Amino acid sequence: MNIVIAGVGSVGTHLARMLSRQEHNIMLIDTNQEKLEELESQIDVLYIVGSCTSIGALKDAEVGKCDLYIAVNPLEEQNINSAILAKKLGAKQTIARVNNSEYLETENAEYLRSIGIDSLIYPERLAAEEIVASLKQAGSRQMHEFSDGRLQLLGIKLWENAPILNHTLIKMAEIYGADQFRIVAIKRHNHTIIPRGNDELKYGDLIFVVTRPSFIPNVFTLCGKEQFEIKNIVIVGASRIGIKTASLLEKHYNVKIIEKDREKCIQLADKLQSTLVINGDGRDLTLLREEGIKNIDAFISLTGSSETNILSCLLAKKMGVKKSVAEVENIDYIDLAENIGIGTLINTKLIAASHIYRYTMNVDVKHLKFLTFSEAEVFELEAKPGSKITRNLLQNMHFPTDATVGGVFRGDETIIAKGDVQIQAGDNVVIFALPNAVKKVIKYFQ
């Protein structure tokens, strides 16, 4: 696939690295020649030095021949204008990053599509929605819903009190049944396993479980976890993500937001309805005690510093907060943060990549999500008539080793995938795969 990426900030750089590993032809456009040269020396890309709103630069980048044009500059005006120009010059599909949720309203999105922008992405809003979702199942590290919640994916850490500890998946199915839940991935010592029947669950594993909503309490019990209700929340940092998160949460929870910048606090007081805005440092122990940290159920740190967010969450956990959420934009820190017990991690680069990556696949992808704590990807595909996936039982399918089926949606029926299930044309199938298996999996659905 020929892909042009306009903007080599954090999101554009991550996309370029990820997509180049998938053997796509990548062309970059940016005014920062030094950054472009650095990327070219590290990965297999070409580049044009220039503005993405320059028709000449777009022509030099051959956008008229590109299959996908991705505009992810910090300035949304640049992204919108360049995506429109790219479409007019012949780009097959265009994606533009925006910072204003107004553009995502149905009538506005339709208008933008009519003038050449096929898809919009607002990473900060997606991040805020992911934070809100993570609070629905407070005992999990990660939570994702499929088909309006008919199936849920939970990432849960196993400690010494988990009843399923030291069980193989076969033994666990014999004791607890296999109709209600399925373990689809295991993160162990910074390595991700797509498990098979003889794999054993061990202390410290981070397991990813697919289950129906009605069985979630049982899953927590099997993992030795207690569910608890969240009422009181503290957010540290009035970033765009912080503000959007507070606006979504204040309708249902008691929310406080702590921000060091006094001017930002004054502006926040006008933007937010019922959130209590506090001018101060979220790392200040005295301030946290004064604000009743012992009564806080969830602590969310969203400053511009990954280090500050990790340390703030550790401090909150030490003071008794059960649920912590940290924005960690430095991908190299993710394993460290998971190993030291930070609850949920938010990374806008991974969130943006999840949204964009599905446009590079040659099948109709309903949902796609990169699991923050692991290398695994989870996506939902529709089985087409005559496709290979429909020709046999799953246990006889010779599916790629590094991939597995988690669940199936068949009309109003929701099926937890087992070996004796046969996929039918029209089924929506939830797949878990390591990156090296994705192309092999797609062939089963074409």
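Just so we're clear, the structure is a prediction, and the values are computed from it rather than from any experiment. Side-chain atoms are counted along with the backbone in the values below, which use heavy atoms only and exclude waters and symmetry mates.
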Taking only residues at least two apart or on different chains, which pairs with a member in residues 128-149 satisfy ring pair (Phe, Tyr, Trp, His ring centres under 6.0 Å)?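 Output for this query lists H144-F146.
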Rounded to the nearest 0.5 Å, how far does [atom2] of [Y] lie from [atom1] of [X]?
| X | Y | atom1 | atom2 | value |
| --- | --- | --- | --- | --- |
| S119 | I356 | OG | CD1 | 8.0 Å |
| Q152 | S140 | CD | OG | 9.0 Å |
| H355 | Y122 | NE2 | OH | 14.0 Å |
| L126 | I131 | CG | CD1 | 11.0 Å |
| L302 | T308 | CG | OG1 | 12.0 Å |

D281: which residues meet the salt bridge (Lys or Arg N to Asp or Glu O under 4.0 Å) condition with it, sequence neighbours left out?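 Checked D281 against salt bridge (Lys or Arg N to Asp or Glu O under 4.0 Å); matches are R283.
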Test side-chain hydrogen bond (donor to acceptor under 3.5 Å, both in side chains) on Q33 and E37; report intermediate values, then the result. CA-CA 6 Å; Q33 183 170 349; E37 289 175 349; 2.9 Å; yes
Does [Y] offer a backbone N or O that forms a donor-acceptor pair with the side chain of [X] under 3.5 Å?
| X | Y | value |
| --- | --- | --- |
| N232 | N295 | yes |
| N279 | E259 | yes |
| N81 | Q78 | no |

Using a cut-off of 6.0 Å, state whether more than 12 heavy atoms not belonging to K366 lie near its atom NZ. yes
Can you run down the salt bridge (charged side-chain N to carboxylate O under 4.0 Å, His left out) pairs that involve residues 213-228, sequence neighbours left out, and say none if there aren't any?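 As it turns out, there is no salt bridge (charged side-chain N to carboxylate O under 4.0 Å, His left out) pair with a partner in residues 213-228 once direct neighbours are skipped.
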